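Predicted model, so just to flag it, every value in this text is computed and none were measured. Per chain, numbering begins at 1; letters A, B, ... match sequence-line order.
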Amino acid sequence: MPTVTLIEAVTMAMDHEMSVDEDVVVLGEDVGRNGGVFRATDGLQEKHGEDRVIDTPLAEAMIAGLSVGMAAQGMKPIAELQFMGFMFPAFNQIVTGAARLRNRTRGRLSVPLVVRMPYGGGIHAPEHHSESTEALFAHIPGLKVVTPSSPARAYGLLLAAIRDPDPVIFLEPKRIYRMVKQEIEDDGEAYPLETCFIDREGDDVTLVSWGATMHETLLAADELADEGISCEVIDIATIAPLDMPTIFDSVEKTGRVVIVQEAAKTGGVGSEIAAEISEHRLMSLIAPIGRVAGYDAIMPLAKMERHYMPQVVRITDEVKKVMDYS
Amino acid sequence: MPTVTLIEAVTMAMDHEMSVDEDVVVLGEDVGRNGGVFRATDGLQEKHGEDRVIDTPLAEAMIAGLSVGMAAQGMKPIAELQFMGFMFPAFNQIVTGAARLRNRTRGRLSVPLVVRMPYGGGIHAPEHHSESTEALFAHIPGLKVVTPSSPARAYGLLLAAIRDPDPVIFLEPKRIYRMVKQEIEDDGEAYPLETCFIDREGDDVTLVSWGATMHETLLAADELADEGISCEVIDIATIAPLDMPTIFDSVEKTGRVVIVQEAAKTGGVGSEIAAEISEHRLMSLIAPIGRVAGYDAIMPLAKMERHYMPQVVRITDEVKKVMDYS
Amino acid sequence: MPTVASFEVSYLQYLDENSQAVNDLPDFAKDTNLLTGLYKDMLFARTLDYRAMSLQRMGKMGTYPGTLGQEAVGVGSGSCLGDDDVLVPYYRGSNTMIQHGVKPHELLLYWGGDERGSDFKNPRVRQDFPIAVPIATQCLHAAGVATAMKARGQTGRAVLTEIGEGGTSEGEFYEALNVAGVWNLPLVCVINNNQWAISVPAEMQTACETFAQKGIAAGIESLQVDGNDVIAVKDAVGRAMEKARSGGGPTLIEAICYRLCDHTTADDASRYDDPEAREEAWAKEPLKRLGDYLVNLGAVTKKQLEEFEVEAKEAVEKEVEIYFDTILNNPQPVGAMFDYLYAELPEKTKAQREEVIARDLRAREGG
Amino acid sequence: MPTVASFEVSYLQYLDENSQAVNDLPDFAKDTNLLTGLYKDMLFARTLDYRAMSLQRMGKMGTYPGTLGQEAVGVGSGSCLGDDDVLVPYYRGSNTMIQHGVKPHELLLYWGGDERGSDFKNPRVRQDFPIAVPIATQCLHAAGVATAMKARGQTGRAVLTEIGEGGTSEGEFYEALNVAGVWNLPLVCVINNNQWAISVPAEMQTACETFAQKGIAAGIESLQVDGNDVIAVKDAVGRAMEKARSGGGPTLIEAICYRLCDHTTADDASRYDDPEAREEAWAKEPLKRLGDYLVNLGAVTKKQLEEFEVEAKEAVEKEVEIYFDTILNNPQPVGAMFDYLYAELPEKTKAQREEVIARDLRAREGG
Ligand SMILES: Cc1ncc(C[n+]2csc(CCOP(=O)(O)OP(=O)(O)O)c2C)c(N)n1
Ligand SMILES: Cc1ncc(C[n+]2csc(CCOP(=O)(O)OP(=O)(O)O)c2C)c(N)n1
Ligand SMILES: [Mg+2]
Ligand SMILES: [Mg+2]
């Protein structure tokens, strides 16, 4: 079994699916000869040819809109947008095009499309390269939104996304692209979408996160364990549609929740999770729902970005606050 | 005092501010000779001239991007986007351009811009003409998002928006454009932003809404009063940044909350309000937080749209559920 | 300064304003039966238009974008579509769509506010896109369909898309042409230059003297045709489609006509249109143009033209009947709001579907 | 088919690859002091570039987009900017910005990850836009600034903006040119055609034989210049700016050169660039071009050129010192993250500001 990083797992999943399904094609800026600015498509063009790993002109609306047309013909495009900060020109096509075609035509046409993009901060990248705006996609009916927090999940969830008959926004937490390696069998086994993963069982408090901040969340859980606080840690993995039952079960057990997100706090995915809990499991709660999040500020440039992001200490502080609540 | 509809109040506010501030200009598709497809700019070009009420080419990104440039020079553009469904091409310029310029330049340049757009369903409009995606703007630091629920508020809040030194997204609930008339003095008095309005005082449950659904929410409160349920009704008016203290005070009093929004439930502004309450006033709650919202489906075409939207009966049902909770 | 590149835009017209042939007609146009067929199709278009507007006025349909004065653009272009071609229309594309095989009552359903109007039942058009309301987005979808055809080596197929002259100001229009050019896609894009984008006249959209020249920015063949002359439209689009099908790449065609109706039923053009300009435009309109030509030629009589009108009305009425029958006797169940969102409805959303169905049931049972 | 419109794109060059004058030089170029100044400015640009890259390699700066081989485009264009003009640069516009008056250390600050680098202190450039990273967005800002100038009747002012040849595939580029055309805005747009958009060569962006011809789609004057010839760049941009200032409207200028560096410090061009093509391009590069010309002319000696290098290094080092001094001795307080979001921080956000400050304090106090 190869031992791979998260980004290598992304490549592996695309490679696998391109090998077994000739309708799968990859397109985007610099995905071909260059193998992607992060190298997510490294080697794919050499192996699958220029017709299936396509360097496009520089235009994100075009990449998305073109993909809608291709998908409507039964192809399965995997479109790469270079950074989430550059998805905005494509947003029109994603929302008014991709998300709606099946519904608009009562199922006559559909859009089996994956739009991949790296997101999040912490790598000292230039301006507009570090944002986390997954909540914008999560509000749009017709889309699915997925983000992996480990190489194995990247592989399994991306396979699921490619095979999904509907548009999936696949968000890659670039800060952890190369953080850890994992042994993964390249066996084409997909993971289920709309399913949370319980990464650590615990009794005192439920920590919910996704993507790169799973890393800090698990570290916080470790630290807290040393202090005698037992955390259950959930990786939601599919941001939309959310698997709330898994979270509800945990909340019933622990009665306390802290949600960790890198995105700006207001209107983030964490707010939706908190709202669902306050609607459906309010009476299980024995403490306020904590949200550790990026501030409601514009992601600062490199020199200050670490202050913006949820660090381990912010998580442990919040958990202690929630634990101390009475 | 003239008796005006909400849309006439919008026109009145623009007219007033154009008369007293020569930096204020109006631009958009069909805003000039035609006076806007809803007639919001009716008569403005005749009065203020073609140089200040400008018919643009048909391109929303352009309207927004141009406005950023104009605003950086100290002009105060009021840009009209014809329908919220057509704001998506402009979203890039609003998010990466308008919302950030002050922050990016440490205050050297700023964007005193208002982007107006009609939103919401219920008028049997064609496809893409009926959506409510205010939550997308509300998540973006650097923006303010405002929506009026009455002619007086339209006038006062739009004046505030125009005078605000930063970009304000001004959302006009088109379903109630002409629903009621109100006497308004054209005195140039602005209303404060970031301030909720308490439209009805009550003790049993707090109803929170904004825009067109304030209408159904108030009707529901009337009906419920007949049944002996006393509702406090809050119009948030400024969607971002939210005036939570006013809502918190009400929740402390009533212990019960139902939020009413027309937008799709998941990831809507209602989720943020619920999350804030569950973080800061959890222990005031004696019942789960109810959310009456548009479904997580694509806004249907005219024949089915009424089923999509929050009707009075859905609100009264939810309030009763919350009241019956024990 | 040496010249490193030069370009020309040409203009195609066969029948002039007085219905006189100004050029050698293309072969198809020597077949007067075929021309009579085109005339009848344009007449059907106009009849449907008037009927749809009257339905709207009676509150029996939603907003409707008429095609008055633009029948030659839609019918001429649409008549060039083969079984294997794909049409990616814009909202004023009714006539193009009908030419390819979309049922007129489907269009009534769509504009009447019923999603089933985009579930085209004719196998010939199952791959066609539904109407695009967000302007210019369709151009990219069309380029995508063309990309799929090319990737799969499907010569013999091509894509037709259309846009208004106002829509050419949108960046997505240009992005689509640009990629079509560089990838040599089998795509034909027709600009319906009807002089107006709602109230904004064409000369306020761009400084260009022609809309066709916008194709030069994409390096693709571009030309102008008289959009009131269905023969010119059909000839230009037909040749462009044939070129596209055989690997020759994309073409941009500007068809010049005049929007003789309001923008939609929600508009009142008298607020901004000049009555004289409109009067002038009426003199050039496409039905008169072809009708006079056929009468002058002796191919049809004036009396026959009148008979065609009766036939058209009958044909339209049949479509209106199906429309009414569908919305009155066979409305969509409310659950349909959820049934096509995804191939399979997410768990999270199932309760909402049940709620909307239960509420509807309760309301019907007289709650 | 009659031709209804025709267009030409011309090419401007004064010094050829061998530094020979191929055209009568414009007046300014007869002033060898001025030319020597331009040479020094290009040399400063190159020196700064190398230094910034070495800083990045040492981990003392962030990603940096070099301008090697493109010095004539930036210096030539920027030298045409007057006190009242506004520059709306793109991310590879360092040299244009410096020409107008942005301090080189401000650029280092920006790319070093400090927002204060966009708070240009020189009064001459207080109205200039900061660097635009989202490609093509700057073109619309530039058109907006030009709209303000026009609306206020400020003749004598004009706006310069720039974009890469890859960026011309974005719709917003085209939208900006189109509105500039139809409103006759005082706008000059320079395309830095450096042959590459990261790894994608120019011929994969578009089927156009020139990028200049994209202006034809906007109905505006468009031309090509030799982007390795600073005289040609300065002449073309200077005349275009003058035209814009005096109400003559917009111009699109394609400057052809070659990106002799990696896309940014995060890139490795050897993965895709052809060493031979790069070798060829080195022979045409702008410093050699002008230096040889000045030496041949006898205006400067080879030895002087070497002295210029020393001077340039010293000047760059001064800027680097200010950069280090600022980030090390005068870093931004963490609250700054909130201080420029709005003119006044919303109530809702104040607690967050306090939190970040308190946390920072605690961390410093050794938490
Ligand atoms: C992106 C977008 N912006 C605005 C609109 C609203 N709108 C509908 S039609 C129209 C005018 C279009 O004019 P043109 O492109 O010339 O086409 P025509 O209607 O004349 O056929 C506008 C502004 C829209 N549908 N989509
Ligand atoms: C909207 C957007 N998409 C993608 C990127 C990422 N990106 C940065 S530079 C670049 C290539 C640009 O090439 P070109 O326009 O030729 O300019 P050059 O870098 O060669 O000067 C890309 C794709 C971006 N910054 N903005
Ligand atoms: Mg038109
Ligand atoms: Mg380039």
Side-chain angles (χ1 to χ4, degrees), chain A residues 60-61 85-96 99-100 103-104 127-128 131 133 135-142 240-242 257 259 263-283 285 287-291 295-301 325, chain B residues 60-61 85-96 99-100 103-104 127-128 131 133 135-142 240-242 257 259 263-283 285 287-291 295-301 325:
Chain A
E60 291 75 15
F86 310 136
M87 74 86 177
F88 294 99
F91 201 53
N92 187 32
Q93 283 289 348
I94 291 172
V95 175
T96 71
R100 288 174 166 248
N103 187 68
R104 300 181 63 217
E127 209 174 355
H128 299 283
E131 281 73 9
T133 47
L136 303 182
F137 295 114
H139 186 47
I140 306 296
L242 271 167
V257 192
I259 304 161
K265 184 173 183 180
T266 295
V269 172
S271 306
E272 175 61 23
I273 296 171
E276 282 283 305
I277 295 170
S278 68
E279 182 171 349
H280 297 289
R281 287 300 181 280
L282 187 86
M283 293 307 150
L285 291 175
I289 301 177
R291 280 177 294 160
Y295 296 112
D296 290 321
I298 289 160
M299 167 59 88
L301 294 189
Y325 191 85
Chain B
E60 291 76 14
F86 309 136
M87 75 86 179
F88 293 100
F91 200 53
N92 186 33
Q93 284 288 350
I94 291 172
V95 175
T96 71
R100 289 175 165 247
N103 187 68
R104 298 181 63 218
E127 208 172 356
H128 299 283
E131 280 73 9
T133 48
L136 304 181
F137 295 114
H139 186 47
I140 305 298
L242 269 167
V257 192
I259 303 160
K265 184 172 183 179
T266 295
V269 172
S271 306
E272 175 60 23
I273 296 171
E276 282 283 305
I277 296 170
S278 69
E279 183 171 347
H280 298 289
R281 288 298 182 281
L282 186 86
M283 293 309 150
L285 289 175
I289 301 178
R291 280 177 294 159
Y295 295 111
D296 289 322
I298 289 161
M299 167 60 87
L301 295 189
Y325 190 85

inquiry  = Nearest 0.5 angstrom please: A:Ser278 OG to B:Leu285 CG, how far?
reply    = 7.5 Å
ask   = Any idea which of A:Glu60, A:His128, A:Arg291 has the most non-hydrogen atom pairs under 4.5 angstrom with chain B?
value = A:Arg291
key: Contacting moiety of A:Phe86, where chain B heavy atoms sit under 4.5 Å   = neither
query = Roughly how far, to the nearest 0.5 Å, is the CD1 atom of A:Ile277 from the CD1 atom of B:Ile289?
reply = 11.0 Å
query = In terms of heavy-atom proximity below 4.5 Å to chain B, should A:Ala287 be classed as side chain, backbone, both, or neither?
reply = backbone
inquiry  = With heavy-atom distances below 4.5 Å as the criterion, would you say the side chains of B:Phe88 and A:Gln93 are in contact?
reply    = no
query = Should A:Leu282 and B:Leu282 count as side-chain neighbours, where that means a heavy-atom distance under 4.5 Å?
reply = yes
remark   = Interatomic distance, CG@B:Leu301 vs CZ@A:Arg104, rounded to 0.5 Å, equals 8.5 Å
inquiry  = Could you measure the distance from the CD1 atom of A:Ile298 to the CG atom of B:Asn103? Nearest 0.5 Å is fine.
reply    = 4.0 Å
request  = Write down the atom of B:His139, the atom of A:Ala264, and the distance for their closest heavy-atom approach.
outcome  = CE1-O, 3.2 Å
ask   = Do you know which two heavy atoms are closest between A:Pro141 and B:Ala297, and how far apart they sit?
value = CG-O, 3.5 Å
ask   = A:Ser271 pairs by side-chain hydrogen bond (donor to acceptor under 3.5 Å, both in side chains) with which of B:Glu276, B:Glu272, B:Glu279?
value = B:Glu272
key: By side chain to side chain donor-acceptor pair (under 3.5 Å) - contacts of B:Asp296 (at least two apart)   = B:Thr266, C:Gln352
key: Side-chain touch B:Phe91/A:Asn92, heavy atoms, less than 4.5 angstrom   = no
note = So, the part of A:Ala61 with a heavy atom under 4.5 Å from chain B: the answer is neither
